[in-house]
K.L.:
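A single structure is presented below for examination.
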Amino acid sequence: MLTRLGVFGYMNIVKTLCTSTNRYLQGFASDNDIKTFIIENTEIVRKHNLTPEIHLRLFTPNCRFWHARPELWPFSDPFWAIYWPGGQALARYLLSNPGVSQGKRVLDLGCGCGASAIAAKFCGASHVVANDIDPVAAIATQLNCELNGLNPLPCDTENVISAEPEEYDLILLGDMFYEEALADSLHSWLNCCIQTHGTQVLIGDPGRAQFEGHGIRRLLRQEAQFELPKAVREENYGLTCSTVWRYLPEL
């Protein structure tokens, strides 16, 4: 199912993995059933990415659903099963600069596999919430926390960008600017977070067109850039680096 099609190919695949929402989670009686399914159909990955300190359960060529027909996948889009380049850069930046999240209340928005949330907790964040509207991603994040010797972090599955912002010191977003409508919503909500609570915002992105061409781009200051490892470059054709940006709407 998953081959070396590049990041945009990945996006097309994961968007078509489940075309019928009424069978979403069907046949799984409990969260434990979903955990067992994730464990049986992913592989623990540590090498060949920007954060060898973090262990994650991901899709690899050794996994059944890397090759299986998309209609056999029983859940919604498995964004959580891929370690996207923007998230890698964010997690690497936090691990290399522990003071960024130390002692802070952190929200990992669109957490996917939970790597950025895990990195923040490793660095001494006082409170970390992992948010993803996919409940399977929340379960995968909790499994990855346990894999890294952490107690499972609080996982929120609400669509928070349609709600009043809660008080966080730092919000992390990796690979979230892949659709124009979503980018517009994020821009507005993040600005509200900053104006209401003085929240700091860090964005990880490898240079996708939807991000580079959006108005938010001129309000960002580059904090760090990382060259992607060979394996990641091969799986994301055309993307060689991933950048961490700080959102500064007063620019």
Side-chain angles (χ1 to χ4, degrees), residues 2 4-11 13-14 42-61 63 66 77-98 100-101 106-123 125 128 130-132 134 137 140-141 143-145 147-148 150 153 170-178 186 201-212 220 222-247:
L2 289 174
R4 292 181 177 178
L5 296 177
V7 68
F8 300 108
Y10 278 146
M11 285 293 186
I13 290 173
V14 295
T42 56
E43 186 173 31
I44 296 174
V45 174
R46 181 172 63 88
K47 299 179 181 179
H48 311 303
N49 58 55
L50 290 175
T51 58
E53 303 95 321
I54 297 177
H55 294 64
L56 299 168
R57 293 188 178 277
L58 304 171
F59 281 163
T60 75
C63 300
W66 187 278
D77 305 342
F79 290 105
W80 54 267
I82 299 168
Y83 195 10
W84 302 96
Q88 291 193 34
L90 265 181
R92 179 69 270 154
Y93 179 71
L94 293 177
L95 291 169
S96 298
N97 301 274
V100 172
S101 58
V106 179
L107 173 66
D108 183 5
L109 182 64
C111 66
C113 65
S116 295
I118 290 168
K121 196 63 180 176
F122 273 175
C123 294
V128 181
N131 168 267
D132 200 296
D134 180 1
T141 292
L143 280 172
N144 286 330
C145 288
L147 192 61
N148 287 278
L150 297 175
L153 296 171
L170 177 64
I171 294 177
L172 308 170
L173 303 91
D175 305 281
M176 288 288 285
F177 288 82
Y178 55 86
L186 286 169
V201 176
L202 293 176
I203 297 170
D205 193 272
R208 295 192 181 88
Q210 297 90 331
F211 177 71
E212 293 294 331
L220 304 178
Q222 181 174 315
E223 294 291 306
Q225 187 174 77
F226 301 96
E227 182 178 350
L228 296 172
K230 180 180 178 181
V232 180
R233 295 198 306 269
E234 289 177 349
E235 293 172 351
N236 296 274
Y237 289 141
L239 302 177
T240 59
C241 297
S242 194
T243 304
V244 175
W245 303 92
R246 185 177 296 274
Y247 181 33

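For clarity, every value in this text was computed on a predicted model and none was experimentally measured. By convention here, the first residue in the shown sequence is residue 1. The figures here come from the full heavy-atom set of this structure, side chains too, leaving out hydrogens, waters and symmetry mates.
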K.L.:
CZ of F79 to CE of M176: how many Å apart, nearest 0.5 Å?
P.N.:
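Interatomic distance, F79 CZ to M176 CE, rounded to 0.5 Å: 10.0 Å.
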K.L.:
Work out which heavy atom in A89 is nearest to a heavy atom in F226; give both atom names and the distance.
P.N.:
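Of all heavy-atom pairs spanning A89 and F226, the closest is O-CE1, 3.5 Å.
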K.L.:
Can you name the closest pair of heavy atoms from L95 and P98 and give their distance?
P.N.:
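Answer, listing the atom of L95 first, then P98: O-CD, 3.8 Å.
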K.L.:
Measure across V106 and S101 and return the closest heavy-atom pair with its distance rounded to 0.1 Å.
P.N.:
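Smallest interatomic distance, heavy atoms only, reads CG2-CB, 4.2 Å.
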K.L.:
Within this structure, what is the CG-OH distance for the pair L173 and Y247, rounded to the nearest 0.5 Å?
P.N.:
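Going from CG on L173 over to OH on Y247, the span is 11.0 Å.
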K.L.:
Got a sec, which residues hit salt bridge (Lys or Arg N to Asp or Glu O under 4.0 Å) with D205, two or more places apart in sequence or on another chain?
P.N.:
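Per chain and number, D205 pairs via salt bridge (Lys or Arg N to Asp or Glu O under 4.0 Å) with R208.
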K.L.:
Check whether N148 reaches the backbone of I54 with its side chain - one donor and one acceptor, N or O, closer than 3.5 Å.
P.N.:
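Not confirmed, N148 side chain does not pair with I54 backbone.
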K.L.:
Going by the rule side chain to side chain donor-acceptor pair (under 3.5 Å), which residues pair with E212 if we only count those two or more places apart in sequence or in a different chain?
P.N.:
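For E212, the residues satisfying side chain to side chain donor-acceptor pair (under 3.5 Å) (neighbours in sequence not counted) are R217.
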K.L.:
Partners of E227 by salt bridge (Lys or Arg N to Asp or Glu O under 4.0 Å), sequence neighbours excluded?
P.N.:
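Here the qualifying residues are R233.
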K.L.:
What pairs with T240 under side chain to side chain donor-acceptor pair (under 3.5 Å), at least two apart in sequence or on another chain?
P.N.:
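Per chain and number, T240 pairs via side chain to side chain donor-acceptor pair (under 3.5 Å) with no residue.
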K.L.:
So among L109, L172, I171, D108, which one has a side-chain contact (heavy atoms from CB on, under 4.5 Å) with N131?
P.N.:
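Output: one option passes, namely L109.
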K.L.:
Within a strict 4.5 Å, meaning less than it, do heavy atoms of the P52 and R92 side chains meet?
P.N.:
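A side-chain contact exists here, since the closest heavy-atom pair is under 4.5 Å.
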K.L.:
Roughly how far apart are H55 NE2 and K47 NZ, rounded to 0.5 Å?
P.N.:
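NZ of K47 is found 9.5 Å from NE2 of H55.
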K.L.:
Please report the interatomic distance CG(L239) to OH(Y237), rounded to the nearest 0.5 Å.
P.N.:
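The OH atom of Y237 is 12.0 Å from CG of L239, to the nearest 0.5 Å.
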K.L.:
If you round to the nearest 0.5 Å, how far is CG of L143 from SG of C113?
P.N.:
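Nearest 0.5 Å value for the SG-CG distance: 12.0 Å.
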K.L.:
Is there a side-chain contact (heavy atoms from CB on, under 4.5 Å) between Y83 and V45? Walk through the geometry before answering.
P.N.:
CA-CA 10 Å; Y83 195 10; V45 174; over 6 Å; no
K.L.:
Using only atom types and a distance under 3.5 Å, with no angle test, would you say the side chain of D132 pairs donor to acceptor with the backbone of G112?
P.N.:
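Yes.
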K.L.:
First locate atom OG1 of T42, then atom CG of N144, and finally report the distance between them rounded to the nearest 0.5 Å.
P.N.:
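These two atoms lie 8.0 Å from each other.
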K.L.:
Which residues pass the side chain to side chain contact (heavy atoms under 4.5 Å, CB included) test with V100, not counting sequence neighbours?
P.N.:
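Counting only residues at least two positions away or on another chain, V100 forms a side chain to side chain contact (heavy atoms under 4.5 Å, CB included) with Y93, L94, N97, L170, L202.
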K.L.:
Are W80 and D134 packed together at the side-chain level, in the sense that at least one heavy-atom pair is separated by less than 4.5 angstrom?
P.N.:
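Contact flag for W80/D134 side chains = yes.
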K.L.:
Has E43 got a side-chain atom pairing as donor or acceptor with C63's backbone, closer than 3.5 angstrom?
P.N.:
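Side chain of E43 to backbone of C63, a donor-acceptor pair under 3.5 Å: no, none is there.
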K.L.:
Any side-chain heavy atom of W245 within less than 4.5 Å of one from F211?
P.N.:
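Yes, at least one pair of side-chain atoms sits under 4.5 Å.
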K.L.:
List in chain and number order the residues that pass side chain to side chain contact (heavy atoms under 4.5 Å, CB included) with C145, two or more places apart in sequence or in another chain; answer none if no residue qualifies.
P.N.:
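Side chain to side chain contact (heavy atoms under 4.5 Å, CB included) check on C145 returns I118, T141, L150, L153.
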K.L.:
Sequence neighbours left out, what passes salt bridge (Lys or Arg N to Asp or Glu O under 4.0 Å) with R57? Give chain and number order.
P.N.:
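For R57 there are no salt bridge (Lys or Arg N to Asp or Glu O under 4.0 Å) partners, ignoring immediate neighbours.
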K.L.:
Might you point out which heavy atoms bring A91 and S116 nearest each other, and give the distance in Å?
P.N.:
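What the structure gives for the nearest pair is N-OG, 4.0 Å.
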K.L.:
With distance as the sole test, does Q88 use its side chain to make a donor-acceptor pair with the main-chain N or O of L50 at under 3.5 Å?
P.N.:
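The answer is yes, because a donor-acceptor pair under 3.5 Å joins these two groups.
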K.L.:
So S242 and L90, do their side chains get closer than 4.5 Å, heavy atoms only?
P.N.:
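Counting from C-beta outward, L90 and S242 never come under 4.5 Å.
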